[in-house]
There are 2 protein chains.
Amino acid sequence: MATIYDVAQLAAVSPATVSRVINERGNVDPEMARRVQEAVRALNYRPNVVARNLRRQTAAVWTAIISDINNPHFTSLTRGVEDVAQESGHSVMLCNADEDLAKERRYVDVALAERAAGVIISPASYRNSTVAPLLERGVPVVTIDRTLQASPVNAVVVENAAAAERATAHLLEAGYRRIACITGPMRTTTSTQRLAGYRRALRAAGLPRDPELECVADMKEGGGYEATRALLQHDRPPDALFVGNGLMTIGALRCLNEARVTVPDQIGVVGFDEHRWATLVRPALTTVAQPTYELGRAAAKMLLEATGPDAPPPRTVTLPTRLVIRDSSVRPAR
Amino acid sequence: MATIYDVAQLAAVSPATVSRVINERGNVDPEMARRVQEAVRALNYRPNVVARNLRRQTAAVWTAIISDINNPHFTSLTRGVEDVAQESGHSVMLCNADEDLAKERRYVDVALAERAAGVIISPASYRNSTVAPLLERGVPVVTIDRTLQASPVNAVVVENAAAAERATAHLLEAGYRRIACITGPMRTTTSTQRLAGYRRALRAAGLPRDPELECVADMKEGGGYEATRALLQHDRPPDALFVGNGLMTIGALRCLNEARVTVPDQIGVVGFDEHRWATLVRPALTTVAQPTYELGRAAAKMLLEATGPDAPPPRTVTLPTRLVIRDSSVRPAR
DNA sequence: GTGAAAGCGCTAACAC
DNA sequence: GTGTTAGCGCTTTCAC
């Protein structure tokens, strides 16, 4: 592959001048610039960014460490990150950590080794110290979808507690009384906050909370299925379900289907995360819609801000959600 | 950040020895190795892979240029790629080309500039020459999900034509006679092959093909919706739909829903791509299931093979599909 | 405005 | 088995 020296030789200038032309830095005589352009084209020259990065001591690459790339919530968010990256001349290295701290740690190592210009991460645990090596070395970090407990890190999240409270209150208004809550593991802030919102709504309604109705599952379809099955087998099964994410909602609906429990008649359902198929299922599903794409964009913009010498102090941006009421949570009049 | 020289100094050895220990190459005295390990830990040293790549003239990074990261088909396939990458010590740079040739070209440039060790791509067009610069420079390329017309490139695909033929034949057997076909743009081999399979099934059944029933849409939800609406407005609307991908199927179902056209009674539906929600919609959806994850794994393994001096000549691997018959394509007895 | 030359951090000949 | 050293391709002072 052609190097900058080949171009310089062909254009009869010095490599320094070629570099200036390519990077549009400093003043170059127009005639010389023209010759360089021509040589670049003739040789089909592409600057070696590996060499450039070594010299510049930084790469225009962001690392995105995402919990589960099979979850549409996260892919949509990733698109937001990617679009901002492209606008600002960055590439994104997408890593799927699979809610696994060991994998997460490995990817942080990769980001460090590649000298990534920044890292966007949805941490598997808020007690997490995996980002510490990044912070120590001054690599800008933004957490997305979730926050970290102790570290002073930029974050973009949604109003999880308020959204959960609203969803639960909606079920209460619809006349449901024994509302179960299926959340993800308590190591993520999304889960703890959604559970807290659920509890707050019960308390506000003067209802006791029943630990048997609070289920922790794995944030995947199978977990939602199992949790629902367990709930249905209780002595006093719930009359409504608030499910903490989209994948688990699918599992829950599948279980209800198989058990021939009718929605919204016998059991009301509200699920976190909006889906394209929400209007296609019967009954149409009531959801908590998150601005996923915007979540990604906001995180990427924050990373942009956090880069450079005069970065503002870390802050948390909270985006609103929307309760989309459909048929699964509205009990028909008897 | 600590360099290899810092480590060497602390361990009282030469940088070459440190390099040997880190890369586990050549023989090193155990005692020295121990001292190096210790120094590495003490300094919290991480090898600078940018420098390493410059020196080695290759990076352990693959670039995956994917058509639409919002399409679950492609995210699932990406997971397959990623898992093999991790097993083989590669990182994956995921790029979303959005079915846009210009974007695709840009990402090929990035892959070239970053000196990627290999590229996996689902090309936006089979007439595509975007990969030519890669081939010229000897960068291993594998196309996934789709093939290229002229270039001798490794490919992993599914048996599109056969699958489409089987799906259409199934609709015919179920008693449907005016079957419409909604495919993606004719620039992708998936679309042309699926259309060809559909036609073959009609021909085999001795039915004429009606150009009015062959719709080209954009592979997204909106396209499926619009195509279906147009079909319903014909003088002689179809009595069945074969839809060429999952996103368009959602659009088609939404349109049928809104138009109060009942499935499978008034119209039968088979959609390409399997979804978690296929059993949740009413009626449950008949689909053509693809081994998406395996598609990704196979492509990545092929890339692994294609790397190195004694790479086998390019070939195309075709994976099987499965017709999953549910309720949307089975007309109830009258 | 332009060129010469040093050096980013690493690896791989090569010499010992 | 270990160390010395050159050089990967680029950018960036620093002379001119």
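A note on names: the letters A, B, ... follow the listed sequences, proteins ahead of strands, and every chain is numbered from 1.
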So that I can tick it off, tell me whether Glu38(A) and Arg41(A) are bridged by a salt bridge, with the cut-off set at under 4.0 angstrom between side-chain N and carboxylate O.
no
Taking 4.0 angstrom as the limit, do Glu305(B) and Lys301(B) come out as a salt bridge?
no
Near Glu24(A) CD, under 6.0 Å, is it more than 12 heavy atoms from other residues, nucleotides or ligands?
no
Along DNA chain D, first and last positions that approach a heavy atom of chain B under 4.0 Å
dG1(D) to dG9(D)
Given axes from five pairs at either end, by how many degrees does the helix from dG1(C)-dC16(D) to dC16(C)-dG1(D) bend, rounded to 10°?
40°
Between Arg79(A) and Asp98(B), is there a side-chain N and carboxylate O pair less than 4.0 Å apart?
yes
Between the side chain of Ser76(B) and the main-chain N/O of His73(B), is any donor-acceptor distance below 3.5 Å?
no
Nearest 0.5 Å please: distance from the CG atom of Leu148(B) over to the OH atom of Tyr126(B).
11.0 Å
Between Thr78(B), Ile65(B), Thr63(B), Val81(B), which is the residue that forms a side chain to side chain contact (heavy atoms under 4.5 Å, CB included) with Leu94(B)?
Thr78(B)
Tell me, for nucleotides 7-14 of chain C in 5' to 3' order, what letter each nucleotide earns: B for a base near a protein heavy atom under 4.0 Å, S for only sugar-phosphate near one, - for neither?
BBBBBBB-
I'd like to check Asn53(B) versus Arg115(B) (side-chain heavy atoms, cut-off strictly below 4.5 Å). Are they in contact?
no
Testing the basics here: between Arg297(A) and Asp83(A), what is the closest heavy-atom pair and its distance to 0.1 Å?
NH1-CB, 3.9 Å
Does Thr17(A) make a side-chain N or O approach to OP1 or OP2 of dT2(C) shorter than 4.0 Å?
no
Hey, does Glu114(B) have a side-chain heavy atom less than 4.5 Å from the side chain of Val61(A)?
yes
